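Below is one structure; the comments refer to it alone.
Chain letters run A, B, ... following the sequence lines, proteins first and then strands; every chain starts at 1. In this text the structure is predicted, and so the values were computed from the model without any measurement.
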Number of protein chains: 2
Amino acid sequence: MTAHALGVSPGNSPADIPLATGLDVRLASRSGALTGSTAGMAPGYVQANLAILPERLANDFLRFCQRNPKPCPLIGVSEPGDPSIPAIGLDIDIRTDVPGYTVFKDGVLVDEPADLKSYWRDDLVTFAIGCSLSFEEALLQADIPLRHVEKGLKVPMFRTNVPCNPAGVFAGPMVVSMRPMTPAQAIRAVQITTRYPSVHGAPVHIGLPEAIGITDLQKPDYGDAVDVREGEIPVFWACGVTPQSVIAAAKIEFALAHAPGAMLATDLKNYELATG
Amino acid sequence: MTAHALGVSPGNSPADIPLATGLDVRLASRSGALTGSTAGMAPGYVQANLAILPERLANDFLRFCQRNPKPCPLIGVSEPGDPSIPAIGLDIDIRTDVPGYTVFKDGVLVDEPADLKSYWRDDLVTFAIGCSLSFEEALLQADIPLRHVEKGLKVPMFRTNVPCNPAGVFAGPMVVSMRPMTPAQAIRAVQITTRYPSVHGAPVHIGLPEAIGITDLQKPDYGDAVDVREGEIPVFWACGVTPQSVIAAAKIEFALAHAPGAMLATDLKNYELATG
């Protein structure tokens, strides 16, 4: 798996810093050498979506994730106020080890800082949520092409009419990502992604976008549009944007997250997530 | 799993003969007490399609099956001239242990005898080929409804434009069976049937009938039509009618098979076929 195979411009990676491992990516982020997207970096390593919430909401959010494992597969949770997550990486400092962050107040994006040092609080809990980059690696290794990767685009994502199971203040529709495939590729993709339940697992829908409230595949709610060609069907996976969307909708007074595409690179290997 | 759940009329089974096991079904066939379909009998036991060919063609047919494992999953092969298949059942006499047979000469159906005693030859080789009844049991146990079962119909089957990999005299298109499902059921059905490679395994196609040369889902080439409702997609599995079709097309001078629906009930249990 090369960075190129994952559709990443070499320009994303500082030429003088090897970013072969999750630790490499975290240290480059920490030093400020790396900004922007982490796509294609540390190939083979699990990257995670982040949600960072005040402890008083953490229990609600944990229950939300438990009740919605396909869009919100938790791979790590910190202790309150502790910026490390030892279970998924050596010496993680969640305040600095991601290339960019977002800050929300009352559901509104108020800042996009390079680090969280000035925003950190002793009551914050970090949630690391599995990401489709892991299963996309498995699909590419099986020679299943991914159009958004080939075109250097973001995967198209759609709000559905499928409600998540609510918990406390957290509620809202599931967001899905879409990848067009031939029927045979779609069947193989179900088999492959079934093995990765902690990174969204098997598709949640296939073939009939209108049945989940998607009226125009060319108008994604997030990411970029990609074409669905004759002889292809759209295949939909639960998406890690779901928890971000739900957190924003809850208009909670303070929440932090990664910047789009700027994921937490962990020390876990993708193959470790496979169930069989 | 009840006979009713498998869509079988109680009238199929002689009321005074318990047909709980594969052996029961074989002995009832042998005695002449059982005629007609074996669907719903010996629940939990593997039933098999039969192809019985002269030894001089057996090598070609074996290679055909090896090259086309999805339509032709072999679960047992006899020694030439030997009417038993010890690997799949105690004391099988393939000449009598199926409720009905078909006899082909030069590719033409010439007889439908109740047994093969008058047709048996010392050069005949029996091929037992996995059958969708096994994976349908697994689907029903997962509460995935099967419309043809609910309606008491035969599964609709279609010749496709997908060529099998030829071997010797054997060549021709793959035949598929079709089951309409919701997208979520289709995804689950891929997962479940993937575990059963020796009974056709995962679907070969999903969602786009025209892509495999099927122009009208209401006009199956074999079996009965079932409706595909709004919110459903057609899911296609490789079908054990494929080898029958290929054998007929080869117009070989002499071939035997089971009568439609009158399968060989084995001593194997369906769960034994699961890969995981």
Side-chain angles (χ1 to χ4, degrees), chain A residues 68-71 135 138-139 142 144 158 160-165 174 176-197 200-215 217 228-238 274-276, chain B residues 68-71 135 138-139 142 144 158 160-165 174 176-197 200-215 217 228-238 274-276:
Chain A
N68 299 282
K70 297 208 78 156
F135 77 67
L139 293 173
I144 296 177
F158 302 86
T160 68
N161 63 9
V162 179
C164 292
N165 301 305
M174 187 187 299
V176 296
S177 59
M178 189 281 288
R179 293 162 186 80
M181 298 187 177
T182 68
Q185 290 166 347
I187 291 164
R188 189 75 188 114
V190 171
Q191 295 177 315
I192 290 168
T193 57
T194 293
R195 300 176 65 224
Y196 294 90
H200 305 304
V204 292
H205 196 73
I206 197 166
L208 300 175
E210 62 282 7
I212 53 172
I214 300 172
T215 54
L217 284 176
V228 181
R229 297 176 187 164
E230 189 173 334
E232 294 180 335
I233 53 178
V235 187
F236 300 92
W237 276 266
T275 56
Chain B
N68 299 282
K70 296 208 78 157
F135 76 66
L139 294 173
I144 295 177
F158 301 86
T160 69
N161 63 9
V162 179
C164 292
N165 301 306
M174 188 186 299
V176 296
S177 58
M178 188 282 288
R179 293 162 186 81
M181 297 186 179
T182 67
Q185 290 166 348
I187 291 164
R188 188 76 187 113
V190 171
Q191 295 177 314
I192 290 169
T193 57
T194 292
R195 299 176 65 223
Y196 294 90
H200 306 305
V204 292
H205 195 76
I206 197 165
L208 299 175
E210 63 280 6
I212 54 172
I214 300 172
T215 52
L217 285 176
V228 181
R229 298 177 186 162
E230 190 174 333
E232 294 181 334
I233 54 179
V235 186
F236 299 92
W237 276 265
T275 55

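Residues B/I206 and A/I233 have side chains in contact (heavy-atom distance under 4.5 Å, counting atoms from C-beta outward).
Your options are B/I187, B/T194, B/V190, and the one with the most heavy-atom pairs under 4.5 Å with chain A is B/I187. For the set A/P203, A/A184, A/A211, the entry with the most heavy-atom pairs within less than 4.5 Å of chain B is A/P203.
Between B/P183 and A/L208, the shortest heavy-atom distance links the atoms CG-CD1, 4.0 Å.
Using a 4.5 Å cut-off between heavy atoms, A/E230 does not touch chain B at all.
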